[in-house]
Q: 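Quick one: the structure is below, questions incoming.
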Amino acid sequence: MISDAELSRRARMLWAALEPFAGQVYFSAETNAEYAALGFGGGRGTLPGGVHTSNRDAYNTGRGAALGQAHGAVVAAAFAVFDPAVVAASVERGWALTDASTIAAARARGATASLRRILGECPDGLDRVIGLLTRAVEPLRLAGRPMFAGLCAIDLPGDPLGRAWALADRLREYRGDSHTAAWISAGFDAVEIGLLSEARWGLPPRTYVRTRAWTDTQLEAAAHRLRERGLLDGDHLSPAGRDARERIEVATDRQMRSAIAALGDEFDDLVGIVGGWSAAVQAAGGYPDLYGARIARRVAEEL
């Protein structure tokens, strides 16, 4: 039996290794081109390091397509940390341009194409990673995890690199769904958890959380609530706030136990190979170092 402390260490290492490899789909020039071909507008500019951003409607519709042709409000509920009114309207505009199966296929093609450009057709260790990710995902349960369940309903690509990405995407959304369950059960709302998270990561106040489309009024109201509860000192975490936010992360880690246990002694192999791929993705401008590096350093400090 893996101890709780070791479980958290491994769960956070796995997240840090997988995140740029799986999450590059949201910053991929190839994916943006696929979306543009469906009628979506261009991205919202570039981040430092030349990382592309995606069109907001394309992001919401493409990611939300895992839920099928769902109403925008359903997609907003599954995303959880975004302003639901913004997401719902965005998705409804997206459905006027395309359907779920079409944009889901475009998303997968774009993600795979960008990885092929950066990593090559068959990066070293690809077959091993597919096997290990398959093993990690297999015991995970669908209950209470809408984004993970939706992705599991989509057939895995036949292309090996695309299959590795899709499996990583499933594991990423499983942790995301688990994190949502953790912060909701801890009594926080979406704006509050965003403010606590960026403070925990050491990011400038009102930067990362603003990408979730919250207004200044909503952010200030949430910050006021957190200060009243003694969780924020100004814009920084108080000791009580740091403890509360860490408990949420530990609760998220615990939900990764079956995946970590399934990897067994081969955990380090998966993290080593995929972590190397993620480093290459970031070096090529495929995932933002603006937040990624700082968050990764924070994860490393916690380990």
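Model, not experiment: these values are computed from the prediction.
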Q: Arg172 side chain to Glu19 main-chain N or O, any donor-acceptor pair under 3.5 Å?
A: no

Q: Rounded to the nearest 0.5 Å, what's the gap from OG1 on Thr61 to CG on Asp99? Could you check?
A: 11.0 Å

Q: If you count the non-hydrogen atoms of other residues, nucleotides and ligands that lie under 6.0 Å from CZ in Arg141, is the total more than 12?
A: no

Q: One thing to verify: whether Glu220 and Arg227 come together as a salt bridge, which I'm taking to mean a side-chain N less than 4.0 angstrom from a carboxylate O.
A: yes

Q: Kindly assign one of parallel, tilted or perpendicular to the pair Phe82 and Tyr59, based on the angle between their ring planes and the thresholds 30° and 60°.
A: tilted

Q: Over 60° means perpendicular and under 30° means parallel, so tell me whether Phe21 and Trp277 are parallel, tilted or perpendicular.
A: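 Ring orientation of Phe21 relative to Trp277: tilted.
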
Q: Please step through side chain to side chain contact (heavy atoms under 4.5 Å, CB included) for the pair Leu270 and Leu14, ending with a clear verdict.
A: CA-CA 8 Å; Leu270 176 61; Leu14 182 60; 3.9 Å; yes

Q: Could you check whether any side-chain N or O of Ser258 sits under 3.5 Å from a backbone N or O of Leu140, counting only pairs where one atom can act as donor and the other as acceptor?
A: no

Q: Is it the case that the side chain of Trp183 and the backbone of Gly194 share a donor-acceptor pair, with hydrogens and angles ignored and the cut-off at 3.5 Å?
A: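 The answer is no, because no donor-acceptor pair under 3.5 Å joins these two groups.
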
Q: With distance as the sole test, does Asp177 use its side chain to make a donor-acceptor pair with the main-chain N or O of Phe148 at under 3.5 Å?
A: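 Checked: pair present.
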
Q: Can Asp216 and Arg206 be counted as an ion pair, charged N to O under 4.0 angstrom?
A: no

Q: Tell me whether Arg163 is salt-bridged to Asp155, with the criterion being a basic N under 4.0 Å from an acidic carboxylate O.
A: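 Between Asp155 and Arg163 there is no salt bridge, as every charged N stays at least 4.0 Å from the carboxylate O atoms.
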
